[in-house]
Amino acid sequence: MPQIPEKIHELTVGQLSARSGAAVSALHFYEAKGLISSRRTSGNQRRYGRDTLRRVAFVRAAQRVGIPLATIREALAQLPEERTPTHEDWARLSAAWRTELDERIKQLGRLRDHLTDCIGCGCLSLETCVLSNPDDAFGDRMAGSRLFPVRRPAPERGEE
């Protein structure tokens, strides 16, 4: 991994990519989504502050555990501009994500526990399959495929 001398306070997109391990296209995407920022030189080239390295690491770590980019952007917005996120920042922000991650882990556990039965059965019944329709949650609201929702007709008077 190339080292950047301490006296260099701004990085080109290529340097940021090389140091962070993120593709240039990913860095441009992060910038478009408001996760990182740059300034433009007189030649319209992007320049990133050194703190962007830590922000990119923060984004990538959060993405690895499944945090949506919108949530990551909200978290980064709580930090002062041009300040590297610290260990304390990460601990504070990630604590708020624990409940969401715990729920996701619970869902994955259910999926794991029922996956063999589902593959063995092969039905993927929208009425009884615990994977595609747990607790028949969709049957209460609509009929047919979840991809093509068809509202159930309202009962006619006197049929209730």
Side-chain angles (χ1 to χ4, degrees), residues 1-120 124 126 129-142 145-147 149:
M1 188 176 317
Q3 295 296 316
I4 300 169
E6 287 292 321
K7 65 182 179 178
I8 296 177
H9 298 289
E10 291 187 318
L11 310 173
T12 66
V13 71
Q15 289 171 321
L16 182 60
S17 174
R19 284 286 284 137
S20 68
V24 169
S25 59
L27 296 171
H28 290 167
F29 178 76
Y30 292 163
E31 189 169 359
K33 295 296 180 182
L35 300 167
I36 61 174
S37 61
S38 67
R39 74 165 187 89
R40 297 291 183 141
T41 66
S42 59
N44 202 29
Q45 296 175 331
R46 289 178 169 95
R47 292 293 186 262
Y48 298 90
R50 291 180 68 93
D51 62 293
T52 308
L53 280 169
R54 183 67 61 93
R55 286 180 181 266
V56 170
F58 183 99
V59 170
R60 294 184 71 182
Q63 281 185 296
R64 267 189 225 103
V65 296
I67 303 301
L69 288 179
T71 305
I72 298 169
R73 183 177 50 248
E74 290 169 9
L76 287 171
Q78 296 177 27
L79 301 176
E81 281 295 318
E82 298 183 14
R83 181 171 71 70
T84 301
T86 64
H87 176 76
E88 292 77 22
D89 292 328
W90 176 254
R92 178 177 43 82
L93 295 171
S94 65
W97 299 334
R98 285 190 66 86
T99 303
E100 181 181 337
L101 291 174
D102 288 341
E103 181 57 34
R104 206 172 295 151
I105 289 167
K106 190 170 126 182
Q107 289 172 349
L108 285 170
R110 267 196 315 267
L111 173 63
R112 179 202 58 224
D113 295 345
H114 293 289
L115 189 58
T116 303
D117 296 339
C118 186
I119 291 172
L124 293 177
L126 289 176
C129 182
V130 296
L131 293 179
S132 66
N133 190 12
D135 303 319
D136 194 20
F138 294 101
D140 292 338
R141 296 191 308 251
M142 61 185 80
S145 171
R146 288 185 284 168
L147 297 177

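The figures here come from the full heavy-atom set of this structure, side chains too, leaving out hydrogens, waters and symmetry mates. Predicted model only: the values in this text are computed from it and were never measured.
When all heavy atoms of Ser17 and Ala22 are compared, the pair lying nearest together is OG-O, 2.7 Å. Here the closest non-hydrogen pair linking Val56 and Ser20 is CG1-CB, 3.7 Å.
If you check the side chains of Asp102 and Thr99, you find no donor sitting under 3.5 Å from an acceptor.
Ion pairing between a basic and an acidic side chain is recognised when a charged N comes within 4.0 Å of a carboxylate O; Arg92 and Glu88 show no such pairing.
A distance of 5.5 Å separates CG of Leu79 from CG of Leu93, quoted to the nearest 0.5 Å. We find the NZ-CG distance between Lys106 and Leu111 to be 14.5 Å, quoted to the nearest 0.5 Å. To the nearest 0.5 Å, atom CD of residue Glu10 and atom CD of residue Gln45 are 11.5 Å apart. In this structure, CG on Leu76 lies 15.0 Å from NZ on Lys33, to the nearest 0.5 angstrom.
A side-chain donor-acceptor contact under 3.5 Å links Thr86 to the backbone of Asp89. When atom types are taken as modelled, the side chain of Glu100 and the backbone of Trp97 share no donor-acceptor pair closer than 3.5 angstrom.
With sequence neighbours excluded, no residue satisfies side chain to side chain donor-acceptor pair (under 3.5 Å) with Arg64. The side chain to side chain contact (heavy atoms under 4.5 Å, CB included) search around Ala91 returns none, not counting sequence neighbours.
Taking a 6.0 Å sphere around CZ of Arg98, one finds it holds 12 or fewer heavy atoms contributed by other residues, nucleotides or ligands. Other residues, nucleotides and ligands contribute over 12 non-hydrogen atoms within 6.0 Å of the CZ atom of Arg60.
Contact check for Leu16 versus Arg46: no side-chain heavy atoms found under the 4.5 Å cut-off. Proximity of Gln63 to Ile72: side-chain heavy atoms (C-beta onward) are separated by under 4.5 Å at one or more points. Between Arg47 and Leu11 there is no side-chain heavy-atom pair separated by less than 4.5 Å.
Residue pairs meeting the ring pair (Phe, Tyr, Trp, His ring centres under 6.0 Å) criterion with at least one partner in residues 16-67, sequence neighbours excluded, are Phe58-Trp90.
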